[in-house]
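Encoded as structure tokens, the structure appears first; notes follow it.
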Amino acid sequence: MTSRVFLCHSLAAAKRPLVPFQLVSRSTSNSAYVPGGPIYKGTVNDATTFPPAKKSVGSHHWTFERLLSAGLVPLTAAAFVTSGSATPLLDGLLGISLIVHSHIGFDTILVDYVHKRKFPTIGPVLTWTLRVTSLAVGVGVYQFNTNDIGLTELIRRVWTA
């Protein structure tokens, strides 16, 4: 019985004149169907807008990271050569450089792998955790340099131990 009904409907459809076929979209948007998918205005199909150039991003930022990394080598070597109590400036430079170098490295990891677009909750939480931790380590290194033996003396004692 089913094949007979189908045959009757198909014969009736064959006798109708050819009319352009209209597709009905099941989406709730008001855009017309386009073969290959709809084109929405104001979203991913628009041209990319570029942010204004800033010195804190791009090649300047990359150059600063490389100079800081290269500068840590002579600072660490100078910490081996000098005694800690005579060089509070070296203690301060070494402390700041190590903290900034570590902060930039961990921030790069967060930006690359835990971006806030993909992880809208944990991304900003981890970024702020890194900022607070870097600030706390900075305070701790300052306290260690001013109230204790300092970083260069610590490095000398660890190296000779």
Side-chain angles (χ1 to χ4, degrees), residues 22-161:
Q22 292 182 348
L23 292 175
V24 178
S25 175
R26 293 181 189 230
S27 68
T28 57
S29 67
N30 293 331
S31 61
Y33 176 78
V34 177
I39 297 175
Y40 296 104
K41 294 180 181 174
T43 61
V44 296
N45 292 325
D46 285 343
T48 303
T49 58
F50 294 101
K54 297 179 187 175
K55 288 190 175 189
S56 63
V57 296
S59 64
H60 299 286
H61 193 255
W62 185 88
T63 304
F64 174 74
E65 289 175 4
R66 297 309 168 262
L67 288 175
L68 179 65
S69 299
L72 279 172
V73 174
L75 275 176
T76 308
F80 286 134
V81 175
T82 62
S83 72
S85 59
T87 56
L89 181 64
L90 185 59
D91 280 341
L93 282 175
L94 187 61
I96 289 171
S97 299
L98 285 172
I99 293 168
V100 170
H101 175 74
S102 300
H103 178 85
I104 289 173
F106 284 116
D107 187 52
T108 302
I109 291 170
L110 293 177
V111 166
D112 288 346
Y113 298 108
V114 193
H115 198 275
K116 66 181 177 182
R117 285 181 294 172
K118 188 171 182 179
F119 302 100
T121 304
I122 195 73
V125 167
L126 288 177
T127 301
W128 278 102
T129 302
L130 174 65
R131 291 173 182 165
V132 170
T133 303
S134 296
L135 183 64
V137 169
V139 170
V141 168
Y142 173 77
Q143 292 293 326
F144 185 74
N145 282 339
T146 56
N147 299 331
D148 208 341
I149 60 174
L151 286 176
T152 55
E153 183 66 22
L154 174 70
I155 291 171
R156 188 184 66 76
R157 287 184 184 182
V158 168
W159 188 258
T160 58

Enumerate, atom names and distances included, each donor-acceptor pair closer than 3.5 Å involving a side-chain atom of residues 65-76, sequence neighbours excluded.
unit_1, atom_1, unit_2, atom_2, d
E65, OE2, H61, ND1, 3.1
S69, OG, E65, O, 2.9
S69, OG, H101, ND1, 3.4
T76, OG1, L72, O, 2.7

Hey, can you pull the donor-acceptor pairs under 3.5 Å for the side chains in residues 136-147, sequence neighbours left out?
unit_1, atom_1, unit_2, atom_2, d
Q143, OE1, N147, ND2, 2.6
N145, OD1, L151, N, 3.0
N145, ND2, D91, O, 3.3
T146, OG1, Y142, O, 2.8

Kindly list each side-chain donor-acceptor pair under 3.5 angstrom involving residues 103-113, sequence neighbours excluded, with atom names and distances?
unit_1, atom_1, unit_2, atom_2, d
H103, ND1, S134, OG, 2.8
T108, OG1, I104, O, 2.8

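Shown here are the salt bridge (charged side-chain N to carboxylate O under 4.0 Å, His left out) partners of R157, two or more places apart in sequence or in another chain: E153.
The distance from the NE2 atom of H115 to the OG1 atom of T127 is 8.5 Å, given to the nearest 0.5 Å. With rounding to the nearest 0.5 angstrom, the CD1 atom of I122 is 4.5 Å from the CG atom of L126.
The nearest pair of heavy atoms linking V125 to T121 is CG2-O, 3.2 Å.
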